[in-house]
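Have a look at the structure below, then the notes.
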Amino acid sequence: MQTKYKSARCGEITVSDVGKEVVLAGWVHQVRDLGGKKFVILRDGSGLIQVTITKGSVPDEIVSIVEQLTPESVIQVKGVVKGDPRAPRGIEITPIEIRVLSRAKAPLPLDVSSKVKADIDTRLRERVLDLRRLESRALVRIMNSVVRTIREELLSRGFVEVFTPKIIATATEGGANLFPIIYFGREAFLAQSPQLYKELLAAALERVFEIGPAWRAEESDTPYHLAEFISVDIEAAFMDYNDVMKILEDILQKILKTLEKENSEDLKILNHTLPNVSFPLPRITYTEALDILKRRGLDIKFGDDLGTPELRLLSTEIESHFYFIIDFPTKTRPFYTKPRDDDPELSESFDLVWQYLELASGSSRIHDKEMLISSIKSRGLNVENFNYFIKWFDYGMPPHAGWGLGLARLLLPLTGRSSVKEVTLFPRDKKRLIP
RNA sequence: GCCGCGGUAGUAUAGCCCGGCCAGUAUGCGGGCCUGUCGAGCCCGUGACCCGGGUUCAAAUCCCGGCCGCGGCGCCA
């Protein structure tokens, strides 16, 4: 698309444009100055292109501008597309005019061309420069493909995208700590999950999904936790946990296909190979998991949580990198989780696990009002706080089910990165609030 | 929050065990040479021991406290 500032984008120029005059604008990715011959690698959102300056055959003014260029300065280049087998991609720009729109200070606090590596702390502190790196941009493109695939897949199944309130009056579930805020003089909280609202919306629209932020004020200080994270949530009436598990599984399969097809360049930049996954994924019951762990010498009692050390051990016993653990004890799950009809100690619930990391969590939900109230009470929660939710169970609440998926966590197996902070543009953790 | 490891130029690191020489290297930055680079190359220069206290004739190095980071655990998704 042509704009006031450019007639074309760097990465979109091809050999078929040879001979054309173009105006480009972007960042100075690198300058290689050989004296009489200078190469400026220009980068914009679409990619890179080489600008070749030959002393004597371009105006002296251009030569002196290029000699003073600093990396990451923003420039505009008017020039002619030339074909040359010695140039990257076989094309380069012979400049007619170069204008500096914004001169970058040197040295940079982070090497954008990635010749010198920086550790994650420096990268997050200098995040905007870090996000200009080829590797970071590959991550963002993969994130985009993932989100788009999820959205397309759900829309094609009749789900509608919704937006639930992020400022809420009370905790939606026990456990997680909420961030308190002041709402016109009253106490309110940042939503830890769209859970209750998406259930109410499923009671209105049948199939809904949301991709949005959630907040947890946990002490968690690990490569898998953030104070603010993007959650992919679905909720569907007239489905049970097996139905929504199938949807999750299908989405994962679609994502792998999409990335293979559309992001092979990005995966190459990241030096990552997508995991080989066969479908359907194994489904291991909580009880089976306990047996496996017992056989391996870990004595976990029924009702205990499966922590990271347990999942690490469990994953060594399971062929697939991705698997479901299903039928958790009812009392380890949130109050809205539906118990199994044949054994109320167990619930119609599941986690999607990658190796030892929980990526998603879901269940069939209770749709009977009395059962819901006794479930709330049995967890020691105050029924009064949930009246705004329970009320609607009087007016036609269908059986329903859903899940929530951590986007950044899902990106770890897909990108080969080891921390959710790396796959979050501006991560928020216990210590980091800026940038 | 607990345990372990760490903090040296803008960035990434060596040196620390076994205290003592201009604190080494890469990259960056400044200057010079260079008309096909693509991690360009070569030469010259530049720039650092997290903070506070202690031990010692002498501390980047040993000890204590703090702050910060990374990993593991806990909590949690």
Side-chain angles (χ1 to χ4, degrees), chain A residues 29-42 48-58 63 67-68 70-72 82 84-90 92 94 104-126 129-130 133-134 172-178 192-195 213-233 305-312 332-334 351-354 356-362 403-410 412 418-422 429-432:
Chain A
H29 192 64
Q30 266 181 315
V31 181
R32 299 193 195 99
D33 190 343
L34 276 64
K37 207 80 159 178
K38 302 176 202 304
F39 302 96
V40 174
I41 311 301
L42 184 67
L48 304 170
I49 196 156
Q50 175 165 287
V51 180
T52 303
I53 297 95
T54 305
K55 207 170 182 173
S57 41
V58 300
V63 174
E67 277 167 354
Q68 290 166 52
T70 51
E72 294 308 309
K82 288 267 164 69
D84 192 312
R86 294 168 298 185
R89 294 197 289 130
E92 61 189 14
T94 302
K105 218 166 93 180
L108 298 166
L110 186 101
D111 177 23
V112 175
S113 70
S114 303
K115 266 180 290 191
V116 183
K117 58 180 194 287
D119 58 39
I120 185 74
D121 187 46
T122 307
R123 289 179 46 207
L124 293 176
R125 180 162 27 88
E126 310 299 341
L129 289 177
D130 182 57
R133 295 169 57 243
L134 259 36
T172 50
E173 354 177 350
N177 293 313
L178 304 183
Q192 66 181 151
S193 153
Q195 183 61 36
W215 294 268
R216 304 275 166 93
E218 296 292 344
E219 290 301 316
S220 308
D221 200 1
T222 81
Y224 316 111
H225 293 84
L226 291 171
E228 177 180 79
F229 63 100
I230 300 299
S231 178
V232 178
D233 275 272
D305 268 329
L306 301 178
T308 310
E310 288 80 34
L311 290 180
R312 278 180 201 270
T332 67
R333 305 297 278 198
D351 280 357
L352 171 64
V353 183
W354 169 66
Y356 51 85
L357 185 64
E358 187 188 320
L359 303 182
S361 188
W403 44 255
L405 165 77
L407 179 63
R409 285 187 173 190
L410 173 65
L412 299 184
S418 54
S419 168
V420 290
K421 294 173 196 180
E422 238 187 305
D429 60 32
K430 239 182 118 185
K431 300 249 172 66
R432 194 171 279 106

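Every chain is numbered from 1, with letters handed out A, B, ... down the list of sequences.
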L410(A) near the nucleic acid: base, sugar-phosphate alone, or nothing, with a heavy-atom cut-off under 4.0 Å?
nothing

Which nucleotide in the list G36(B), C29(B), U11(B) gets nearest to the side chain of T122(A)?
U11(B)

Partner nucleotide, any strand, of C38(B) [Watson-Crick/G-U, under 3.5 Å]
none

Could you please name the option among A12(B), G36(B), G10(B) that lies closest to any side-chain atom of P107(A)?
G10(B)

Would you classify A87(A) as touching base, sugar-phosphate or nothing, given that sugar-phosphate means primed atoms plus P, OP1 and OP2, and contacts are heavy atoms under 4.0 Å?
base

To the nearest angstrom, how far is L357(A) atom CG from C76(B) atom P?
16 Å

May I ask you to say whether E422(A) pairs ionically with R123(A), meaning some side-chain N is under 4.0 Å from a carboxylate O?
yes

I'd like the C1' distance from C73(B) over to A60(B), given in whole Å.
32 Å

Not counting sequence neighbours, which residues clear side chain to side chain donor-acceptor pair (under 3.5 Å) with K38(A)? List them please.
D33(A), E67(A)

Paired nucleotide for G45(B) [Watson-Crick or G-U wobble; both distances under 3.5 Å]:
C29(B)

Listed by chain and number, what are the side chain to side chain contact (heavy atoms under 4.5 Å, CB included) partners of R89(A), not counting sequence neighbours?
I49(A), I91(A)

Report each atom pair, protein N/O against N/O of nucleotides 40-43 of chain B, whose distance is under 3.5 angstrom.
| unit_1 | atom_1 | unit_2 | atom_2 | d |
| --- | --- | --- | --- | --- |
| A40(B) | OP1 | Q30(A) | NE2 | 3.2 |
| A40(B) | OP1 | K115(A) | NZ | 3.0 |
| A40(B) | OP2 | Q30(A) | OE1 | 3.4 |
| A40(B) | OP2 | Q30(A) | NE2 | 2.8 |
| A40(B) | OP2 | R32(A) | NE | 2.6 |
| A40(B) | OP2 | R32(A) | NH2 | 3.0 |
| A40(B) | O5' | R32(A) | NE | 3.4 |
| A40(B) | N6 | D33(A) | O | 3.2 |

For U11(B) and C64(B), measure between their P atoms and round to the nearest Å.
28 Å

For E126(A) and L108(A), what are the C-alpha separation, side-chain angles and deciding distance, and is it a side-chain contact (heavy atoms from CB on, under 4.5 Å)?
CA-CA 9 Å; E126(A) 310 299 341; L108(A) 298 166; over 6 Å; no

Validation row: K55(A), L34(A) side chains within 4.5 angstrom (heavy atoms):
no

Rounded to whole angstrom, note down the P distance from G65(B) over to C5(B).
14 Å

I'd like to know if E126(A) reaches the base of G10(B) with its side chain, counting only an N/O donor and acceptor under 3.5 Å.
no

Calculate the interatomic distance between Q192(A) atom CD and C75(B) atom P; express it in whole Å.
17 Å

Derivation and outcome, side-chain contact (heavy atoms from CB on, under 4.5 Å), residues T70(A) and K105(A):
CA-CA 7 Å; T70(A) 51; K105(A) 218 166 93 180; over 6 Å; no

Judged by each residue's nearest nucleotide on RNA chain B, which is more toward the 5′ side, R86(A) or L108(A)?
L108(A)

Suppose you measure atom P in U13(B) against the same atom in G4(B); what distance do you get, rounded to whole Å?
23 Å

What is the distance, to the nearest angstrom, from the CG atom on L110(A) to the C1' atom on C29(B)?
16 Å

Within this structure, what is the CG-to-P distance between D111(A) and G10(B), rounded to whole angstrom?
15 Å

Could you check how far NZ of K38(A) sits from P of C33(B), rounded to whole Å?
10 Å

Under a 3.5 Å limit on both distances, the Watson-Crick or wobble mate of C18(B) is none

Comparing L359(A) with Y224(A), nearest RNA chain B nucleotide closer to 5' gives the residue Y224(A)

Distance between P atoms of C68(B) and C51(B) (Å, rounded)
16 Å

Partners of T94(A) by side chain to side chain donor-acceptor pair (under 3.5 Å), sequence neighbours excluded?
none

Partners meeting salt bridge (charged side-chain N to carboxylate O under 4.0 Å, His left out) with R409(A) (sequence neighbours left out):
none

I need the full list of salt bridge (charged side-chain N to carboxylate O under 4.0 Å, His left out) pairs touching residues 108-122 of chain A, with sequence neighbours left out, sorted by first then second residue.
D121(A)-R432(A)

If the P atom of C62(B) is compared with that of G41(B), how far apart are they to the nearest Å?
36 Å

Side chain to side chain contact (heavy atoms under 4.5 Å, CB included) with P88(A): which residues, sequence neighbours excluded?
Q50(A)

Have a look at P88(A) and say if it touches a base, only the backbone sugar-phosphate, or nothing, with a 4.0 Å heavy-atom cut-off.
base

Steps toward side-chain contact (heavy atoms from CB on, under 4.5 Å) verdict (L124(A), D130(A))
CA-CA 7 Å; L124(A) 293 176; D130(A) 182 57; 5.6 Å; no

Rounding to the closest angstrom, what is the interatomic distance between U61(B) and A23(B) at atom C1'?
11 Å

Watson-Crick or G-U wobble mate for G4(B), both contacts under 3.5 Å:
C70(B)

Mate of U55(B) across any strand shown (Watson-Crick or G-U wobble, both atom pairs under 3.5 Å) is none

Test salt bridge (charged side-chain N to carboxylate O under 4.0 Å, His left out) applied to E72(A) - qualifying residues, sequence neighbours left out:
R43(A), R132(A)

Can you tell which of U37(B), G74(B), A12(B) lies closest to the side chain of Q50(A)?
U37(B)

Ranking C29(B), A12(B), G74(B) by distance to the side chain of P71(A), first place goes to C29(B)

If you restrict it to nitrogen or oxygen atoms, what contacts under 3.5 Å exist between nucleotides 66-71 of chain B and the protein, and what is each distance?
| unit_1 | atom_1 | unit_2 | atom_2 | d |
| --- | --- | --- | --- | --- |
| G69(B) | OP2 | K431(A) | NZ | 3.1 |

Mind checking K55(A) for me? I need base, sugar-phosphate or nothing, with any heavy atom below 4.0 Å counting as a touch.
base

Pairwise C1' distance for U25(B) and A14(B), with rounding to whole Å:
7 Å

Pairing check on A9(B): which nucleotide meets the Watson-Crick or G-U wobble criteria with it, both distances under 3.5 Å?
none

